[in-house]
Amino acid sequence: MFSQASKEAIELETGTPAPRATIDTVSHDYKLLTDHAEIKELVNVLNEQQEFCFDTETTGVDAVEAQVVGVAFSYEKSKAFYIPIPMNKDGAMEVMAMLSKALENPKTLKIGQNIKYDILVLKKYNIHVAGALFDTMLAHYLIEPETKHGMDVLAEQYLNYSPVSITEILGPKGKNQKNMADLEPSEIKDYACEDADITLQLKQKIADEIDKEGFTKLLNDIELPLVNVLAQMEFEGVRIDEQALTAMSKELQEESLKAQAEIFKIAGREFNIASPKQLGEVLFDELKLVEKPKKTKTGQYATGEEILSKLANQHEIAAKILEFREYQKLKSTYVDALPKMVSPGDGRIHTDYNQAVAATGRLSSNNPNLQNIPIRTPKGREIRKAFVPAGDDHVLLSADYSQIELRLAAAFAQDEPMIDAFKNGRDIHATTAAKVFKVSLDEVDPTMRRKAKEVNFGIIYGISAFCLSQNLNIPRGVAGDIIKAYFEEFPGIKRYMDESIEKAKEKEYVETIMGRRRYLRDINSRNATMRGYAERNAINAPIQGSAADIIKIAMVNIHNWLKKESLKSKMIMQVHDELVFEVPNEETDYVKGNVVKLMMSAVDLEVPMEVEAGVGENWLKAH
DNA sequence: GTGAAGCACT
DNA sequence: CTCTGGGTGCTTCACC
């Protein structure tokens, strides 16, 4: 039924039928293996291969919590084996011990689809997957970073094959969906074997394309080695001080109620403050705070932070709503949510880093997202105090690249004034302010520095005068003058931005320092909005993406160094330009020094990469 | 279940 | 005259 629907969709789009092979139309040899002698024989054969594909079937999508139900292997097209893992602990460990002889063989290449998941789930069974890796999802991410990379779509695209849908064996998604553990091995066999078989077939096709497009080094030297680093980080997790969060929750609840009471008093009635619709009606229909309220594209009154901030000075209710929103956000998204994510197994929080979603090459983090823990406001940053090391005998070490994106812009642009500022270790925002406002460095006041900082950020994003004026709350003309002065002082930056767009228009893609590509197919569009978006990306993607490349290189190098030196320190978090480690007290100075060194030396550019590192009894203090 | 609004980070 | 900063993930509301 599922495949029928998608076939129709294809026919509608292309006007021609797309005959797609399935498990029922293609000959295959999928075997269920339970006999220990047969399993050992398979392991021997796998160890004779140069490469093989494997795929775990588990009880859930959360690798740290999931149990392995079975493992499928394939080393030859259309041929695969499914080995069920007994549900009892001893039986499971016995079979796993046999499989480990193949999975831990450093000489064979292991192929998988999202192989970090399998590596991670196997770590709980004390299996440490060794040898080189190939991941069809990651490989395809380099080829087409902005599309989907699921096995099903890859199979359709590369093999004209429609794999068995998971819903065919587990039932429709929802709370009634079955679990792999509810099924007999015989019911899982075809699905699991097909996954391994198809992934193996995909590898051949996608690896060819990787070579053809020139992504071999990026894949083999960065993305694939990073898989093991991320698996390790996710496995370690981070400890959370639950008591501290419980106390914060109580406080935020009280503060929220106070703000709510004042809002109701001013409004003259009770309503749901969290409902943008109701809030808009109260503020603009009833209280008539402004003459012509802005509307959102759906016709509602806009009540976002930007709008309310401008009203907050004259109208107490706007200030209170912002306060209320802040408390609610902190409470629901972090303070109350994080303790629920603590793993019962080890009392720690294990995020899932996604290596194949961000179009620029950055990582993303979810369940929970550890890359957006508050820091800006005093109440928000308190949450970072709840991120703590394993015990008194450990500390957290945080090391972050200082202004990495602006340094990259300066280096790529070969802009001498800016390179000079960085080479001499000057305060880049103050230096910019002095140049743009034509004063000496010691005449730069905090307002000028703040404005210059905003411009520097804007540059990286492909700024417009309108946007800068919004951010600085100044007239558009003045913002335009500042930008003009900026480009006069940093002519290399201006030239680089223009050349980036020109090159993008010609090639319809841009690339990072390591050759990661982002396609900008709208760059020659006649639609000004779409073209503008692509033009900003032509400037931002190489900068943001190169920063991502660089920290990934540093992560791989640091991981290898920690291993080589048999240190107990663990890398546990990455937040785009920052790495966090859990470090035994006695390793603090040594690890800190070398982490900084390895981060600085990840690439060699004309602009030095500065790294700031700190140590503390929690994440906030380490900053 | 899905999309919009809003907001947390870099 | 119009539009208007890159990249994410999570929560809540509102509607289907």
Side-chain angles (χ1 to χ4, degrees), chain A residues 145-146 172-175 271-280 295-309 321-322 324-338 340-341 351-354 357-377 379-381 383-384 400-401 403-406 409 454-471 476 479-480 483 510 518 520 527-545 547-548 551 573-578:
Chain A
E146 284 176 273
K173 213 155 58 171
K175 64 177 164 68
F271 64 101
N272 185 352
I273 306 167
S275 161
K277 190 159 166 265
Q278 293 181 42
L279 178 63
K295 298 265 187 99
T296 66
K297 59 189 164 200
T298 53
Q300 276 186 46
Y301 293 120
T303 66
E305 215 247 0
E306 209 174 322
I307 308 267
L308 295 186
S309 289
I321 289 162
L322 288 171
F324 177 85
R325 283 228 182 107
E326 184 189 354
Y327 302 150
Q328 289 290 314
K329 177 83 176 175
L330 295 177
K331 186 169 183 292
S332 67
T333 308
Y334 306 101
V335 175
D336 290 345
L338 288 172
K340 291 179 190 157
M341 307 293 285
T351 188
D352 181 7
Y353 289 105
N354 199 326
V357 285
T360 54
R362 272 190 180 179
L363 299 177
S364 77
S365 158
N366 57 33
N367 294 308
N369 184 352
L370 296 185
Q371 292 181 322
N372 73 344
I373 303 300
I375 194 165
R376 201 170 35 90
T377 66
K379 275 216 158 54
R381 68 203 322 238
I383 292 168
R384 295 195 172 214
D400 66 284
Y401 284 107
Q403 282 127 15
I404 185 169
E405 294 191 353
L406 201 53
E454 202 62 54
V455 183
N456 276 331
F457 274 111
I459 288 304
I460 296 162
Y461 301 140
I463 202 172
S464 68
F466 176 87
C467 210
L468 183 66
S469 68
Q470 289 280 302
N471 288 343
R476 201 200 305 194
I483 293 174
V510 290
R518 174 154 189 194
L520 300 170
N527 180 324
T529 306
M530 287 166 73
R531 191 176 62 243
Y533 182 75
E535 287 175 355
R536 286 192 293 278
N537 269 318
I539 294 161
N540 177 259
I543 297 173
Q544 189 183 118
I551 197 166
M573 290 192 275
Q574 190 252 39
V575 191
H576 308 308
D577 61 3
E578 173 188 11

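Protein chains get the first letters and strands the later ones, always in sequence-line order, with residue 1 at the start of each. As the structure is a computational prediction, the values presented were derived from the model and not from experiment.
A/Gly462 comes within 4.0 angstrom of no nucleic acid atom, judged by non-hydrogen atoms across all strands. Residue contacts for A/Arg531: at a heavy-atom cut-off of 4.0 Å it reaches no nucleic acid atom on any strand shown. Within the nucleic acid shown, A/Arg381 has no heavy atom closer than 4.0 Å to any nucleic acid atom. Using a 4.0 Å heavy-atom distance criterion, A/Gln544 is classed as a base contact.
The distance from atom CE of A/Met530 to atom C1' of C/dT2 is 16 Å, rounded to the nearest whole Å. The distance from atom CG of A/Leu279 to atom P of B/dG6 is 9 Å, rounded to the nearest whole Å. One atom, NZ of A/Lys297, and another, P of B/dA4, lie 6 Å apart when rounded to the nearest Å.
Both A/Gln300 and A/Phe457 lie close to DNA chain C; mapped to their nearest nucleotides by heavy-atom distance, the more 5′-ward contact belongs to A/Phe457.
Centre separation under 5.5 Å together with a plane angle under 30° holds for the ring of A/Tyr461 and the six-membered base ring of C/dG6, marking them as stacked.
Pairing of C/dC16, defined by two Watson-Crick or G-U wobble distances under 3.5 Å, is not identified with any nucleotide.
In terms of phosphate contacts, A/Arg518 brings a side-chain nitrogen or oxygen within less than 4.0 Å of OP1 or OP2 of C/dG7. Between A/Arg536 and C/dT4 there is no side-chain polar atom (N or O) within less than 4.0 angstrom of OP1 or OP2.
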Pairwise N/O distances under 3.5 Å, protein to nucleotides 9-12 of chain C:
unit_1 : atom_1 : unit_2   : atom_2 : d
C/dG9  : OP1    : A/Ser364 : OG     : 2.7
C/dG9  : O4'    : A/Asn369 : ND2    : 2.9
C/dC10 : OP1    : A/Asn367 : N      : 2.8
C/dT11 : O3'    : A/Ser332 : OG     : 3.4

